[in-house]
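Have a look at the structure below before the remarks.
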Amino acid sequence: GERNIFIGCQAGYNETGSNKLYIENSTSATPLIYGEFDQDKVGINTTNLVGPYSLFVKDGIITEKVVVEVEGEWPDYVFNPTYQLPTLTEVSNYIQKHQHLPEIPSAEEIEQEGLNLGEMEALMVKKIEELTLYAIEQEREKEKLEVRVGQMESEKDDLKQKNQVL
């Protein structure tokens with residue numbers, strides 16, 4: 001091949017293609033780092049560079065920090081007074097029909113398409129904000145019920161007193 005870069009003892013020894021990068025210290029078919037310059041792709045411990053992605057890492061990574069650029073709007077719009085919060089009945093009906101939360105990908109979708117971290121993080125924040133609104137709504141309803149119970153107890157006491165007078 002041509003336009004290849006091989007770094008390490010016998011790296012890329014059996015490569016016959018062009019525009020490849022190998023960093024390895026043996027004749028391994030799976031080098032430490034493998035790249036395809038014409039595809040703008042690189043793999044770590046893998047030569048399986050399929051799909052639309054640029055970086056492939058076999059067996060995962062450990063890092064102290066990951067920054068994901070989020071495309072689109074961050075879900076603080078949930079707190080806008082014009083936001084239409086679905087009723088819990090609507091959410092429940094959706095879950096019964098689809099077996100997952102509205103707007104959250106199904107297990108099948110994740111298996112087929114993978115998980116977009118930025119998109120999923122935004123969806124989770126949206127669901128957390130919606131849950132917060134539901135909790136606030138329930139707190140307000142609870143306070144109204146407590147006031148009503150207090151009124152009813154007062155009315156009951158008044159009726160007892162009137163009953164004793166009779």
Side-chain angles (χ1 to χ4, degrees), residues 3-5 7 11-12 15 17-24 28-152:
R3 295 180 304 282
N4 292 322
I5 297 176
I7 300 173
E15 181 60 61
S18 298
N19 297 309
K20 307 293 185 199
L21 166 68
Y22 279 79
I23 300 177
E24 179 59 75
S28 170
T30 306
L32 174 64
I33 297 178
Y34 170 77
E36 296 179 357
F37 293 113
D38 54 348
Q39 300 293 318
D40 291 328
K41 295 181 178 191
V42 67
I44 300 174
N45 289 323
T46 185
T47 57
N48 187 17
L49 310 183
V50 296
Y53 308 106
S54 298
L55 176 64
F56 301 79
V57 180
K58 184 177 180 188
D59 299 326
I61 64 171
I62 293 177
T63 182
E64 290 183 11
K65 184 176 182 180
V66 173
V67 176
V68 177
E69 283 191 25
V70 177
E71 297 175 4
E73 189 177 16
W74 196 248
D76 285 348
Y77 57 82
V78 169
F79 295 125
N80 187 314
T82 61
Y83 179 72
Q84 293 294 311
L85 183 67
T87 67
L88 289 174
T89 300
E90 292 170 331
V91 174
S92 176
N93 290 341
Y94 185 93
I95 291 169
Q96 286 177 348
K97 183 176 181 182
H98 300 282
Q99 301 299 301
H100 62 90
L101 285 171
E103 300 177 276
I104 300 296
S106 67
E108 183 179 321
E109 289 173 294
I110 296 295
E111 288 171 13
Q112 290 175 357
E113 300 169 22
L115 177 71
N116 179 321
L117 287 177
E119 181 181 299
M120 187 56 65
E121 186 68 20
L123 286 171
M124 287 191 305
V125 167
K126 180 179 180 181
K127 296 303 170 191
I128 290 167
E129 290 179 352
E130 288 177 342
L131 285 170
T132 301
L133 290 175
Y134 291 129
I136 291 169
E137 189 177 300
Q138 288 182 344
E139 179 68 20
R140 287 181 183 147
E141 287 299 315
K142 182 184 113 199
E143 289 171 356
K144 286 179 188 176
L145 289 172
E146 287 172 346
V147 167
R148 182 65 184 130
V149 165
Q151 290 171 340
M152 291 173 78

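Owing to the predicted nature of the structure, the values given are computational and were not obtained by experimental measurement.
Residues T82 and N80 have side chains that bring a donor and an acceptor to within less than 3.5 angstrom of each other.
Across all their heavy atoms, P105 and L123 have their closest contact at CD-CD1, 4.2 Å. Closest of all the heavy-atom pairs between P86 and V91 is CB-CG2, 4.0 Å. K41 and L49 get closest at one heavy-atom pair: NZ-O, 3.5 Å.
Under the 4.5 Å side-chain criterion, counting only non-hydrogen atoms from C-beta, E24 is not in contact with Y34. Within the 4.5 Å cutoff, the side chain of E15 has heavy atoms near those of the Y22 side chain. In this structure the side chain of L21 never reaches within 4.5 angstrom of the side chain of P31, judged on heavy atoms.
Note on E143 versus R140: no salt bridge recorded, every NZ/NE/NH1/NH2 to OD/OE distance being 4.0 Å or above. E130 and K127 are joined by a salt bridge, as a carboxylate oxygen and a charged side-chain nitrogen come within less than 4.0 angstrom of each other.
For K20, the salt bridge (charged side-chain N to carboxylate O under 4.0 Å, His left out) partners two or more places apart in sequence, or in a different chain, are E36. For E139, the salt bridge (charged side-chain N to carboxylate O under 4.0 Å, His left out) test picks out K142, with sequence neighbours left out.
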Acceptor/donor pairs from residues 62-75 side chains to any protein atom, 3.5 angstrom cut, sequence neighbours excluded:
residue : atom : partner : partner atom : Å
T63     : OG1  : K65     : N            : 3.3
T63     : OG1  : K65     : O            : 3.0

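Other residues, nucleotides and ligands place no more than 12 heavy atoms under 6.0 Å from the CD atom of E108.
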Legend entry - V78 and L133: CA distance, side-chain angles, deciding distance, side-chain contact (heavy atoms from CB on, under 4.5 Å) verdict: CA-CA 9 Å; V78 169; L133 290 175; 3.5 Å; yes
